[in-house]
There are 2 protein chains.
Amino acid sequence: MTHDESEKNDDFFLQNFLPFLLNQAAERASLEFQAVYKGRYGMLRTEWRVLFHLGLFGEMTAKEIGERARMHKTKISRAVAKLEERRYLKRTRDEADRRAEWLTLTPAGQAVYRDLYGVAASYDARLLGLFSEKEAALLRQMLRRLAGVD
Amino acid sequence: MTHDESEKNDDFFLQNFLPFLLNQAAERASLEFQAVYKGRYGMLRTEWRVLFHLGLFGEMTAKEIGERARMHKTKISRAVAKLEERRYLKRTRDEADRRAEWLTLTPAGQAVYRDLYGVAASYDARLLGLFSEKEAALLRQMLRRLAGVD
DNA sequence: GGTTAATAGTTGATTTTGTAACTAACAAGC
DNA sequence: GCTTGTTAGTTACAAAATCAACTATTAACC
């Protein structure tokens, strides 16, 4: 486990260090897609994620989005404000618990969601094209395990 | 490829969308280790990476680090400044090309590197403990392919 | 029912990142 | 050797993320 000091130019460890590898892959994999929602709608990743969740799951509270996406509530709060400002979503106070509010996409927001969903799906397919069906399934399973979802 | 609109509460796609999964896994996988270099030495990820590269490869220029780690030069510039301020590295002008400078760890920097290398190695081993040898090898290979290294 | 604690979400201050412009040094072409 | 272009690294400014403190509301407990 100790590093051999007499030997330099050893990139064995670096090439295999999982947090580094994961980060490189994640960064690269989100780069191209980021260019789409940024370029096409001027959105940040946080905003895209919130929109995405609302598109997939329908009505949600900010808290629920935060739990699912593992995003901090301040990020969500600001993303929601931005999406509302652009008329992509609307808020409705929960009358039973007036602290919470239900978020839903407007028709305009749904249109954006559908557009980006399509782009995301084909981008995903392209990434998965690097692997066989079996490999892809295993990869996703392993990533889920690392993420602590399973 | 079109999203089925009549059906809500569909988290199938989300659970499988590779950029999302990769990001979740990467974030989770770096979290605990980040706590170590941050808590123990008050370092940021950029600083840890620069230190790590210098520890692994010995003397390097900022440019080389940037290429290997795929970090932008401003990040590196600031990380180097911070590490120098803490006396973890020293700079030497390249006399043949006076624009470039060679960076090396000081003994203090090397001590930090050795400490963190040990932590990183055992942390990595723990992560890999989630998988079999075969799976782990495949995972790394797939991540490298996604990162565009291979 | 009044006090205390917890929760949903927002805001402000600080830190970190990203982008563009910059300096200093080298290289190429003429 | 002088212009033009390129490169290594820094700096300034804008954008974004983080952290702590805040408001408003609900829940818990005595």
Side-chain angles (χ1 to χ4, degrees), chain A residues 23-24 26-28 30-32 34-35 37-39 41-51 53-54 59-86 89-104, chain B residues 23-24 26-28 30-32 34-35 37-39 41-51 53-54 59-86 89-104:
Chain A
N23 189 74
Q24 300 281 92
E27 215 149 277
R28 169 95 179 215
S30 66
L31 203 66
E32 273 186 68
Q34 181 170 43
Y37 57 71
K38 203 168 193 170
Y41 301 104
M43 290 200 298
L44 301 175
R45 181 148 69 185
T46 52
E47 292 155 27
W48 147 251
R49 280 207 192 154
V50 167
L51 184 112
H53 275 77
L54 291 174
E59 201 167 49
M60 293 181 90
T61 65
K63 192 200 172 197
E64 287 170 342
I65 298 176
E67 285 164 355
R68 282 197 171 271
R70 301 195 185 191
M71 283 169 63
H72 194 264
K73 58 183 182 174
T74 61
K75 268 192 190 174
I76 298 188
S77 175
R78 287 176 169 125
V80 166
K82 199 74 166 212
L83 291 171
E84 186 188 32
E85 183 189 316
R86 293 193 192 154
L89 66 76
K90 71 175 203 301
R91 319 155 99 125
T92 317
R93 273 257 163 267
D94 181 335
E95 286 304 329
D97 181 349
R98 302 184 41 75
R99 288 169 304 183
E101 49 190 13
W102 294 96
L103 309 169
T104 49
Chain B
N23 188 74
Q24 299 284 90
E27 214 148 279
R28 169 91 178 218
S30 67
L31 202 68
E32 273 185 70
Q34 182 171 40
Y37 57 71
K38 202 168 196 171
Y41 301 105
M43 290 200 298
L44 301 174
R45 183 148 70 185
T46 51
E47 292 154 27
W48 147 250
R49 281 207 191 153
V50 167
L51 185 111
H53 274 78
L54 291 174
E59 200 166 47
M60 293 180 91
T61 65
K63 192 199 172 198
E64 287 170 342
I65 298 175
E67 284 163 357
R68 282 195 171 271
R70 302 198 184 188
M71 284 169 64
H72 194 264
K73 59 185 181 172
T74 60
K75 267 193 189 173
I76 298 187
S77 174
R78 290 192 260 244
V80 166
K82 198 73 166 213
L83 292 171
E84 186 188 32
E85 183 189 316
R86 294 197 190 148
L89 66 75
K90 68 175 205 298
R91 319 156 100 125
T92 318
R93 273 257 163 266
D94 181 336
E95 286 305 327
D97 180 349
R98 301 185 42 73
R99 289 169 303 182
E101 51 191 12
W102 293 96
L103 308 169
T104 48

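Every chain is numbered from 1, with letters handed out A, B, ... down the list of sequences.
- Distance check: B:Arg78 CZ to B:Met71 CE gives 10.5 Å after rounding to the nearest 0.5 Å.
- Picking from C:dA8, C:dT19, D:dA8 the nucleotide with the shortest atom distance to the side chain of B:His72 gives C:dT19.
- A salt bridge links A:Glu84 to A:Arg91: at least one charged side-chain nitrogen sits closer than 4.0 Å to a carboxylate oxygen.
- In this structure, CD1 of B:Ile76 is placed 15 Å from P of D:dT11, rounded to the nearest angstrom.
- Of all heavy-atom pairs between A:Ala69 and B:Gln24, the closest is O-OE1, 3.6 Å.
- Residue-level contact check: B:Ala79 touches neither bases nor backbone, having no heavy atom under 4.0 Å from any strand.
- Between the side chain of A:Arg45 and the base of C:dG18, no donor-acceptor pair of N or O atoms lies under 3.5 Å.
- To the nearest angstrom, P of C:dT10 lies 8 Å from CG of A:Leu103.
- With rounding to whole Å, B:Lys73 atom NZ is found 13 Å from C:dG18 atom C1'.
- A donor-acceptor contact under 3.5 Å is not formed by the side chain of A:Arg78 with the base of C:dT11.
- Tested against A:Glu95 for a salt bridge (charged side-chain N to carboxylate O under 4.0 Å, His left out), the candidates A:Arg99, A:Arg98, A:Arg93 yield a single pass: A:Arg98.
- Across all strands shown, B:Lys63 has heavy atoms under 4.0 Å from sugar-phosphate atoms exclusively, and none from any base.
- Distance from the side chain of A:Leu44 is smallest for D:dA17 among the nucleotides D:dA17, D:dA8, C:dA8.
- Listed here is the closest heavy atom pair of B:Ala62 and B:Ile76: O-CD1, 3.6 Å.
- Between A:Lys75 and D:dA17 there is no side-chain polar atom (N or O) within less than 4.0 angstrom of OP1 or OP2.
- For the pair A:Glu101 CD and D:dT26 C1', the interatomic distance rounds to 16 Å; values are reported in whole Å.
- For the pair A:Arg93 CZ and D:dT26 C1', the computed distance is 13 Å after rounding to whole Å.
- When each of C:dT19, C:dT10, D:dT25 is scored by its nearest atom to the side-chain atoms of B:Thr74, the top-ranked nucleotide is C:dT19.
- Which of C:dT17, C:dT10, D:dT10 sits closest to the side chain of B:Ser77 comes down to D:dT10.
- Atom-to-atom, CD of B:Glu95 to P of D:dA8 comes out at 17 Å; the value is rounded to the nearest Å.
- Nearest-nucleotide mapping onto DNA chain C: of A:Glu67 and A:Lys38, the residue sitting toward the 5' end is A:Glu67.
- With rounding to whole Å, B:Gln34 atom CD is found 12 Å from D:dA17 atom C1'.
- Checking B:Arg99 against A:Arg98, the closest nucleotide of DNA chain D that is more toward the 5' end is the one next to B:Arg99.
- With rounding to whole Å, A:Arg91 atom CZ is found 15 Å from C:dA8 atom P.
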